[in-house]
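Notes follow once the structure below has been shown.
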2 protein chains.
Amino acid sequence: MTAAVRLLLADDEHLIRGALAALLALEDDLVVVAEAASGPEALAMARAHEPDVAVLDLQMPGADGVKVATSLRAELPGCQVLIVTSHGRPGHLKRALAAGVRGFVPKTVSAQRLAEIIRTVHAGNRYVDPELAADAIASGDSPLTVREAEVLELAADGAPVAEIAERAALSQGTVRNYLSSAVSKLGAENRHTAVRLARERGWV
Amino acid sequence: MTAAVRLLLADDEHLIRGALAALLALEDDLVVVAEAASGPEALAMARAHEPDVAVLDLQMPGADGVKVATSLRAELPGCQVLIVTSHGRPGHLKRALAAGVRGFVPKTVSAQRLAEIIRTVHAGNRYVDPELAADAIASGDSPLTVREAEVLELAADGAPVAEIAERAALSQGTVRNYLSSAVSKLGAENRHTAVRLARERGWV
DNA sequence: GGTCCCCTCTGACATTTGTCATGCCGAGTG
DNA sequence: CACTCGGCATGACAAATGTCAGAGGGGACC
């Protein structure tokens, strides 16, 4: 038999991380060599321990799973990345795949399944949860231009047009035009529902 | 030695729930007698198995932890409720305590600590995470009147005043007045940041 | 080179919000 | 009983936002 698969586990919830580590340790071909509670910590741990597979939570303090995955692919090409998440938005999946992530699963899977998927990913194959994949295909690509998305993001926390314009170094009129076109493209009634829709689809 | 503490575990994430069950099972004075993935299911399971302690996730499909706790206190007074959550907002803690919940902890605690806390709660004592408690005290009580909070909630998804007015059976002017006073009470710049602030503090 | 599409801007207009003053009613409190 | 406070409303005004037409510049693609 070959050597056990060396794992890095990153999740900011200690309870989850610990429990997961315990469960995966039951599989005798898997061994957890490092744990992390934040994005930067995950990177540091990966550099130090060079795991075969990194199991990353999508939402973590510091840097999210996708950002960590991007850095990881550059620094440790031999390390495959598997992302685990509670809220699987279509856009996240796309960004993750674009970043070279090999697996993407929701936290609703069982530990058994997760172990299998870790093996799949380690073998060099890819695995994406079928339901999330279906959502991603159904929701399609973002119809927003780069600037529209940018402005929409700045509008996300309820900032007035004047502030958005300043932060984006655009004129107020331009900002309103972008917002207007984004709103109509998304079929929303106003900028705020537009923000919500774009969020749900993972386009911002 | 007394009989083991019988537990109900409710969390919509299978991965977490399973892992948690496995870890708690390692403690020989704790036994998981039932698991649930949603609010209603948790209630049904509790009726069927009459656990000593119910460990509930705060955010679950169907009915959240606090709602389940309320029903549980009415139907099974002997069952103590412990709430576990990823996002500990001050208002949630208050509502939980008002609903008769005996324990409230973030998911950042270790399984060891959780086991201890389960014993504490089972013994009839209360336990609230110190940091969450501090937040709750610091953020104080909601300054909003019932109607202000109601209207603010209806405004939460970006609906225009006309729609809020219709749904609340109020005149548009009244809605705007409520929103205006809520915004000024919260020190926000507009209704949308007000919604965000109220959300963060758990007041909606 | 012509034709799109995106980026950027301006100006004007209608609509929606935010704010304020003011009034009436009912419940609770001194 | 008078007073206060919350709920509800109206009307009016100022400010922010949404919508539209138009216009110049720069890439990309055929």
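Chain letters run A, B, ... following the sequence lines, proteins first, then strands; residues in each count from 1.
More than 12 heavy atoms of other residues, nucleotides or ligands sit less than 6.0 Å from atom CZ of A:Arg119.
For residues 167-204 of chain A, the pairs satisfying ring-ring contact (aromatic ring centres under 6.0 Å, His included) are A:His192-B:His192, with sequence neighbours left out.
Nearest approach of B:Val161 to B:Leu179, heavy atoms of both residues: CG2-CD1, 4.5 Å. The nearest pair of heavy atoms linking A:Ala4 to A:Val31 is CB-CG1, 3.8 Å. Here the closest heavy-atom approach between residue B:Leu30 and residue B:Ala115 is recorded as CD1-CB, 4.0 Å.
A donor and an acceptor atom, one from each side chain of A:Tyr127 and A:Arg113, are located under 3.5 Å apart.
Partner of B:Leu170 under the side chain to side chain contact (heavy atoms under 4.5 Å, CB included) criterion, chosen from B:Leu154, B:Val151, B:Asn177: B:Val151.
The side chain to side chain contact (heavy atoms under 4.5 Å, CB included) search around B:Ser184 returns none, not counting sequence neighbours.
Applying a 4.0 Å cut-off to non-hydrogen atoms, none of the residues of residues 150-160 of chain A approaches DNA chain C. In the region residues 162-185 of chain B, proximity to DNA chain C at under 4.0 angstrom, judged on heavy atoms, holds for B:Arg176, B:Asn177, B:Ser180.
The closest donor-acceptor contact from the side chain of B:Arg17 to the backbone of B:Asp11 lies under 3.5 Å.
Note that the first and last nucleotides of DNA chain D, 5' to 3', having any atom under 4.0 angstrom from a heavy atom of chain B are D:dG7 to D:dA12.
Where the helix from C:dG1-D:dC30 to C:dG30-D:dC1 starts and where it ends, the local axes point in directions that differ by 30°; five pairs per end, rounded to 10°.
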